[in-house]
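One structure is given below, encoded as structure tokens.
Only a predicted model underlies this, so the values are computations on that prediction, with no experimental measurement involved.
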Amino acid sequence: MAPFRRWADLPPDLLCRIGDRLDLKWYASARGACTAWRCALAPPSPALLVVADDARWCPRAASLPTRRSFELTAIVSGSRCVGSSNGWLALSVALFTGQTVFVLLNPIAAVEILLPPLIYESRWVSKVVFTPRPAKDDFAAAAICDIDRIAYVTAGARRWAVMEPVRLTSGDQLTDVVSTDKGKVYCLTKCGDVHVLRLPERRRRKPANTDEAGPSEPEFSVLQRPAERTINFRPLRCQQQRSFRMMRYEQGRICNQLEPIPLRLTLCAQASIPYKRVPPESQGPDLNAPATVEPLLSDANLPFNPATVFAPPYDTVSAFTSAKNLVFCEGNLYQVWRNASCTVTLQLPGGGQRRVSENEILVLRYYPRRQPCWDVVKDLGGYSLFVGRNNAVSMYAEGVPGLRGNCVYWIGGRGRDQGMVFDMESGRSTPCRAPQVGFLPGHPHSTICWYFLSDVVSNNNSWISSSSSSNTTTTRGGRKVYQTRARARADLAQDMED
């Protein structure tokens, strides 16, 4: 009698056929079963978050390595994605009162965290970043408000804390933020100035927005079952609440179905949202511990000057690259500049010209011990950068199916936004080969941001992910993939000295 074969010994082609039938949650779980299965199944990240342009916000993750799209949890219409990190989305949801609530949502696990109210005009909130693996009793988030303000919130607070305006040069404004797991948020301006927000130490606390008022606190959810077309609110009992009349109607199609859903109208005489009317004298403190914002280049305490921080001719080019992002790669800080307008030819102060093509991208590395401290790099050592509305990600891309190393992946292009890739060697941007999403042929859709299940990605020949705390070291093409924290610190110190 033949011996029973192990599950790890299943043929790779059979595993791939099984993986094609799994949703994203079970596909990721299958890859974590054993080394053999991780080798057979391509990683699902990176993916493009894509939604159909209709009344129903039904996102899909179009995975570049697997060449397929995964359907995610349906979300109520009126939602706007303002951030993404580690499989979570930051959503801005417009209510019929004209107010907005912010929600952190994991569309794979169907878990959501309702954030406290942000007392600020929501349309000025351009991007939200948050700590990895948030929980209802342990999270921190930061957002760009307006052109020169930063707001943040921690678990247990009653509302966001809106900080004083950041000191910027005339005509400058905040354009991007990137969060780290060490309680720091790096903020970038359109001129290339960087400020560091130091968040307070995280403490596991009971969130004020869920249990503070007792068991009769109103329920609010952005999740939507396939056949549901309305939002229902449970009225408060013995609680002071804000009342309003709400009318909601929609007509749309369920994904993968041609028949439209019958029109359904809901009229509520009283509905409750998670804002409580409290007399000003009894509001109390924000409950957010103090945070600080300071310039990255704070030693000289002088106004920001591109001529002294950017190597020429990029001190001149900086004014003509309006799309800017921050990203960390191998412990180093980079700026990604893109010329989002037409091709321009610049006259340089020292003589000569510099031509900047449309959608040309420049990557500048921060050298803290140099002057100027920002200079362009032409090679990322096999890594690629993924920038946009998501918390920027760096990934060792060589050898990963569907990806190329030494590239910058961004979202834009002519007409509708789409996934684009800029090759640093050729200096050209081209559409990336994204898989067909599951909408009807010709159905209009929008590309929102890059979607990663993990924001810290390293890959070896078997596409196995690891963090910098790994105690093993392997090499791929002469580059260390796994290394100890001490080794990483030593390498970083050596780079700074160089």
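Considering all non-hydrogen atoms of both residues, V317 and W337 come closest at C-CZ3, 4.4 Å. Closest of all the heavy-atom pairs between C145 and A151 is SG-CB, 3.7 Å. Shown here for F304 and G192, the closest heavy-atom pair between the two residues is CZ-C, 3.7 Å. Shown here for R389 and C449, the closest heavy-atom pair between the two residues is CB-CB, 3.9 Å. Between Y314 and L362, the closest heavy-atom pair is CD2-CD1, 3.9 Å. Listed here is the closest heavy atom pair of W160 and A143: CZ3-CB, 3.9 Å.
Considering only residues two or more places apart in sequence or on other chains, S63 meets the side-chain hydrogen bond (donor to acceptor under 3.5 Å, both in side chains) condition with T66.
No donor-acceptor distance shorter than 3.5 angstrom exists from the side chain of K136 to the backbone of I113, with no hydrogens or angles considered. In terms of modelled atom types and a separation under 3.5 Å, the side chain of T73 and the main chain of P107 share a donor-acceptor contact. Judged by distance alone, the side chain of N288 and the main-chain N or O of T154 form a donor-acceptor pair under 3.5 Å. No side-chain donor-acceptor contact under 3.5 Å links E71 to the backbone of D23. No donor-acceptor pair under 3.5 Å is formed between the side chain of S92 and the backbone N or O of R80. A donor-acceptor pair under 3.5 Å links the side-chain atoms of N106 to the main chain of A109, judged by distance alone. Using a distance-only test at 3.5 Å, with no hydrogens or angles considered, a donor-acceptor pair links the side chain of N305 to the main chain of A307. For the pair Y152 (side chain) and V162 (backbone), a donor-acceptor distance under 3.5 Å is absent. Put simply, the side chain of S429 gets close to the backbone of N359: a donor and an acceptor are under 3.5 Å apart. In terms of modelled atom types and a separation under 3.5 Å, the side chain of T343 and the main chain of S357 share no donor-acceptor contact.
In this structure the side chain of D379 never reaches within 4.5 angstrom of the side chain of V377, judged on heavy atoms. You'll find the side chain of V177 stays beyond 4.5 Å of the side chain of I150, heavy atoms only. Taking the side chain as every heavy atom from C-beta outward, N390 and Y451 never approach each other to under 4.5 Å. At least one side-chain heavy atom of V185 sits less than 4.5 Å from a side-chain heavy atom of L199. Residues V421 and V408 form no side-chain contact, since every pair of their non-hydrogen atoms from C-beta on lies 4.5 Å or further apart. Taking the side chain as every heavy atom from C-beta outward, C329 and L385 approach each other to under 4.5 Å. Between P59 and I75 there is a side-chain heavy-atom pair separated by less than 4.5 Å. Inter-residue side-chain proximity for V327 and V393 is flagged as unmet; no heavy-atom pair is nearer than 4.5 Å.
With respect to F102, the side chain to side chain contact (heavy atoms under 4.5 Å, CB included) criterion is satisfied by exactly one of L114, L118, L91, V93: L118. Screening Y186, Y383, Y334 for a ring pair (Phe, Tyr, Trp, His ring centres under 6.0 Å) with F328, the sole residue that qualifies is Y186. The only option from V194, L364, D375, L297 that meets the side chain to side chain contact (heavy atoms under 4.5 Å, CB included) definition with V309 turns out to be L297. Test I108, L105, V50 against L72 for side chain to side chain contact (heavy atoms under 4.5 Å, CB included) and you get one pass: I108.
The OG atom of S84 sits 8.5 Å away from the CG atom of N391 when rounded to the nearest 0.5 Å. Note: F70 CZ to R60 CZ = 10.5 Å, rounded to the nearest 0.5 Å. Atom OG of S69 sits about 11.5 Å away from atom CG of L49, to the nearest 0.5 Å. Atom CG of L48 sits about 12.5 Å away from atom OG of S446, to the nearest 0.5 Å. The distance from the CG atom of N406 to the CE atom of M424 is 6.5 Å, given to the nearest 0.5 Å. Taking OG from S384 and CZ from F422, the interatomic distance works out to 12.0 Å, rounded to the nearest 0.5 Å.
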- Item | Residue pair I361, V336: steps toward the side-chain contact (heavy atoms from CB on, under 4.5 Å) verdict | CA-CA 7 Å; I361 289 181; V336 178; 3.7 Å; yes

- Task: Assess whether ring pair (Phe, Tyr, Trp, His ring centres under 6.0 Å) is satisfied between F386 and F452, documenting all intermediate values.
- Result: CA-CA 10 Å; F386 297 80; F452 279 79; 5.2 Å; yes

- Evaluate the side-chain contact (heavy atoms from CB on, under 4.5 Å) criterion for residues L168 and H195: first the C-alpha distance (whole Å), next the side-chain angles of each, then the deciding distance (0.1 Å), finally the verdict. CA-CA 10 Å; L168 304 178; H195 293 255; 3.7 Å; yes

- May I have the step-by-step check of side-chain contact (heavy atoms from CB on, under 4.5 Å) for E398 and R404, ending in yes or no? CA-CA 6 Å; E398 290 188 354; R404 288 181 285 168; over 6 Å; no

- Could you walk me through whether R365 and L333 pass side-chain contact (heavy atoms from CB on, under 4.5 Å), step by step? CA-CA 6 Å; R365 178 178 167 181; L333 182 61; over 6 Å; no

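Side chains of E112 and S221: a donor on one and an acceptor on the other come within 3.5 Å. Using a 3.5 Å distance cut-off with no hydrogens or angles, the side chains of T447 and D417 do not pair a donor with an acceptor. Side-chain contact, N86 with R133: no donor N or O sits under 3.5 Å from an acceptor N or O.
Using the six-membered ring where Trp is involved, W374 and Y366 have ring planes that are tilted, between 30° and 60° apart.
E360 has no carboxylate O lying under 4.0 Å from a charged side-chain N of R428, or vice versa, which leaves the two without a salt bridge.
A centroid separation of less than 6.0 Å is found between the aromatic rings of W450 and Y409.
Residues in residues 170-180 take part in these side chain to side chain donor-acceptor pair (under 3.5 Å) pairs, two or more places apart or across chains: K127-D176, D172-T189, D176-N325.
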